[in-house]
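Sequence positions, counted from 1, serve as the residue numbers for this chain.
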Amino acid sequence: MAIIGGMIILPGCGAKDKVDLIVYNAQIYTVDDHFSQAEAFAVKDGRFVAVGSTKDIHSRYISGNELDMQGAPLYPGFHDAHCHFVGLGHSLQFVNLRGSTSFKEILDRVAAHHATYPSEWIVGAGWDQNLWEDKRFPDNNELNRLYPNTPVILKRVDGHAIVANAEAIRRAGIKTNDPAILSGEAQVKNGVFTGIFLENTADRLMGQVPEPGTEELTALILRAEALCNQYGLTSVSDAGLSLPVIQLLDSLHQSERLSMRIDAWMEPSDANFERFKAPYRTDRLTVSCLKLYMDGALGSRGAWMISPYSDDPTTTGIRVITDKQFIDYCQKAYDAGLQVATHCIGDAANRSTIELYARFLKGENDLRWRIEHAQIVAPEDFALFKKYSIVPSVQPTHATSDMFWAIDRVGDRLQGAYAYRELKEQFGWLPFGTDFPVEEVNPIHTFFAAVCRKNTDFLPSNGFQPENAISREDALRAMTIWAAKASFDDGVKGSIEPGKWADFVVLDKDVMKAAEQDIPGITVKATFIAGQQMKF
């Protein structure tokens with residue numbers, strides 16, 4: 001056997017090698033080092049064995065399963081490099097509050113959902129007060145009146161703030177004088193909680209919601225997988241999971257009930273540290289990363305800023321972890337050979353995380369420690385990503401979701417925000433995600449936001465900070481090979497090359513050539529994992 005031009009050439013006297021699948025007459029973007037294109041490939045045992053022209057593949061391989069793509073565009077399977085896959089499953093049972101234009105609309109949606117699906121607890125997710133005429137946080141007065149005996153918790157779209165009614169607060173046992181409530185994490189008026197809680201305190205209340213049983217959670221995970229496959233996702237990086245959930249995912253893979261490749265990031269629990277003393281990898285599951293948080297979210301003014309908020313000079317946001325806690329966790333990860341991925345929105349959060357990472361990274365390295373979001377970076381700090389080889393992991397639809405109100409929060413500092421091209425040029429590459437279910441699952445919208453810097457209403461007409469737009473080639477890399485590289489999986493997936501897993505997606509239009517106005521409407525015709533077509 002010889003390898004010529006990236007193709008495996010098998011010896012013989014004209015005999016064709018039998019393979020499991022031949023795909024031909026396609027417009028294939030391999031996303032290899034040369035960003036080369038091809039027409040066909042052969043798949044055996046779930047992996048690509050050869051890539052080339054239709055004539056070449058048919059001359060050397062035979063299969064009882066051949067697919068004529070009739071010129072359709074085909075790409076490596078999309079990889080969401082930062083999302084909440086299991087959280088998406090959970091969200092499928094919540095009241096959908098996304099896009100609500102007032103708190104009254106929220107109340108109407110909650111009532112309709114609870115009438116159809118009565119339950120002991122009412123949980124909703126997706127509200128954003130920035131979309132309302134009155135952009136202030138709501139209070140829980142109406143929730144208390146309508147649901148005096150039923151606990152209600154409604155999560156903000158970013159997951160970093162909630163509004164909870166009095167019954168939910170009572171069941172959680174949280175008092176206004178609770179010393180565990182960090183500064184800024186609870187709103188109190190006239191000695192009574194308004195119902196708004198942020199960060200750790202919000203998590204305490206959410207922790208009171210009964211968890212679904214194993215079979216119910218399994219069903220929700222499988223529904224999440226089908227939804228992801230519908231949008232061309234073959235891999236996801238799930239940001240922050242408990243040991244029981246990681247073990248459930250592993251068992252679903254082993255029993256072949258779940259196909260999605262999952263890069264599962266550990267939450268910093270004793271159970272996870274005890275179990276994962278080194279990276280753990282199977283064909284479908286990677287556990288090699290620790291997820292930490294440095295601050296909250298910009299929309300709820302929980303992002304930790306160097307200087308006070310432009311629209312609220314009384315606060316610089318919320319830091320959610322101490323130096324000591326952060327360093328202790330990083331040390332455990334470093335000793336175990338694990339990556340660290342830290343949520344950083346504000347410029348103070350980004351700076352502090354880089355400074356603390358530097359104690360371990362020293363200088364340039366290949367540990368691939370990550371900063372998640374890298375949303376607002378002080379101009380003098382951009383070069384530090386390269387200096388310490390810190391991977392900036394970004395979610396382009398955050399820019400187009402936040403763009404109309406972010407300037408109110410940070411003023412002139414917006415110039416250092418959502419700066420994806422600047423981060424890419426400093427570091428050399430970067431992975432893309434969505435942070436779903438905070439944003440929609442659809443990676444085509446990620447591509448559109450990165451390349452055009454517009455939302456799906458095509459606003460603003462000239463693009464939001466268009467100087468930080470990403471090229472189409474780099475956007476596709478960020479959703480495929482660079483996403484795989486960010487989790488040390490680029491040797492086995494992320495591009496269409498011999499030896500890698502045969503994960504690929506077929507679209508109805510070529511995202512690399514489509515007119516701008518056509519990109520958001522591009523749909524997935526088929527999604528394949530290990531050469532098997534997924535049902536959705």
Side-chain angles (χ1 to χ4, degrees), residues 26-39 51 69 71-82 231-235 391-401 403 418-434 439-486 490 493-497 503-525 527:
Q27 187 178 353
I28 300 169
Y29 290 88
T30 67
V31 197
D32 62 8
D33 289 345
H34 304 290
F35 208 78
S36 58
Q37 295 186 41
E39 295 177 329
V51 183
M69 291 288 102
L74 188 153
Y75 316 80
F78 299 144
H79 180 163
D80 193 308
H82 179 118
Y231 290 111
L233 289 171
T234 58
S235 294
V391 180
S393 170
V394 300
Q395 300 74 44
T397 50
H398 282 347
T400 52
S401 291
M403 60 188 174
Y418 315 98
Y420 306 140
R421 178 181 289 179
E422 177 70 19
L423 288 166
K424 186 262 174 181
E425 289 180 353
Q426 288 287 345
F427 184 66
W429 60 276
L430 76 178
F432 281 174
T434 62
E439 302 282 357
E440 294 184 10
V441 175
N442 194 345
I444 298 298
H445 291 176
T446 298
F447 183 94
F448 180 68
V451 171
C452 301
R453 302 287 289 197
K454 299 179 182 181
N455 64 19
T456 53
D457 292 324
F458 302 97
L459 296 174
S461 58
N462 294 324
F464 170 63
Q465 298 178 335
E467 68 276 10
N468 266 297
I470 298 290
S471 72
R472 295 197 190 204
E473 284 192 14
D474 283 347
L476 185 58
R477 289 187 179 101
M479 294 161 52
T480 55
I481 190 64
W482 289 346
K485 184 176 182 178
D490 48 316
K493 64 181 182 181
S495 60
I496 297 175
E497 299 181 85
D503 301 345
F504 57 96
V505 58
V506 184
L507 301 183
D508 68 339
K509 292 182 180 178
D510 185 0
V511 73
M512 301 302 293
K513 298 177 181 176
E516 177 181 300
Q517 64 268 22
D518 293 334
I519 295 175
I522 290 175
T523 60
V524 172
K525 295 176 67 174
T527 301

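In this structure, the side chain of N468 engages the main chain of R421 through a donor-acceptor pair within 3.5 Å. For Y418 (side chain) and Q395 (main-chain N/O), no donor-acceptor pair under 3.5 Å exists by modelled atom type. Side-chain N or O atoms of N442 include one that pairs as donor or acceptor with a backbone N or O of I444 at under 3.5 Å. Checking side-chain atoms of T30 against main-chain N and O of D32 turns up a donor-acceptor pair under 3.5 Å. A donor-acceptor pair is defined here as one N or O able to donate and one able to accept, closer than 3.5 Å; no such pair exists between the side chain of R477 and the backbone of V31. Side-chain N or O atoms of D503 include none that pairs as donor or acceptor with a backbone N or O of G77 at under 3.5 Å.
With rounding to the nearest 0.5 Å, the separation of CG in D510 from CG in D518 is 11.5 Å. Here I470 contributes atom CD1 and K424 contributes atom NZ; the two are 7.0 Å apart, rounded to the nearest 0.5 Å. Taking CD of E439 as the start and CG of D80 as the end, the distance is 11.0 Å to the nearest 0.5 Å. How far OG1 of T480 is from CZ of F432: 10.5 Å, rounded to the nearest 0.5 Å.
The shortest distance between side-chain heavy atoms of L507 and V524 falls below 4.5 Å. Between P73 and M512, the closest side-chain pair of non-hydrogen atoms is not below 4.5 Å. Under the 4.5 Å side-chain criterion, counting only non-hydrogen atoms from C-beta, R453 is in contact with Y420. By the 4.5 Å heavy-atom criterion applied to side chains, K513 and Q27 are counted as neighbours. Contact check for W482 versus D474: side-chain heavy atoms found under the 4.5 Å cut-off. Residues N455 and M403 have side chains in contact (heavy-atom distance under 4.5 Å, counting atoms from C-beta outward). Within the 4.5 Å cutoff, the side chain of T527 has no heavy atoms near those of the L233 side chain.
Looking at every heavy atom in both residues, S495 comes nearest to P76 through CA-CG, 3.8 Å. R472 approaches V511 most closely through the heavy-atom pair NH1-O, 2.9 Å. When every heavy atom of I522 is checked against every heavy atom of A514, the shortest pair comes out as CD1-CB, 4.0 Å. Nearest heavy-atom pair, F427 versus V391, reported as atom, atom and distance to 0.1 Å: CZ-CG2, 3.7 Å. For the pair H445 and P520, the tightest heavy-atom approach, listed with the atom from each and the gap, is NE2-O, 3.5 Å. Taking each heavy atom of M479 and P443 in turn, the nearest pair found is CE-O, 3.5 Å.
Under the 30°/60° scheme for interplanar angles, the aromatic rings of F78 and Y75 are found to be tilted.
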Next on the checklist: Show, in sequence, the C-alpha distance, side-chain angles and deciding distance for L74 and I496, and conclude whether the side chain to side chain contact (heavy atoms under 4.5 Å, CB included) test is met.
Outcome noted: CA-CA 10 Å; L74 188 153; I496 297 175; 3.5 Å; yes
Item to check | CA sep, side-chain torsions, deciding dist, call: K454, E516, side chain to side chain contact (heavy atoms under 4.5 Å, CB included) | outcome: CA-CA 10 Å; K454 299 179 182 181; E516 177 181 300; 2.7 Å; yes
Checklist entry - Could you go step by step and tell me if L476 and F35 meet the side chain to side chain contact (heavy atoms under 4.5 Å, CB included) rule? => result CA-CA 10 Å; L476 185 58; F35 208 78; 3.8 Å; yes
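T446 and T434 share no donor-acceptor pair across their side chains, judged by distance under 3.5 Å alone.
The aromatic ring centres of F504 and Y29 sit 6.0 Å or more apart.
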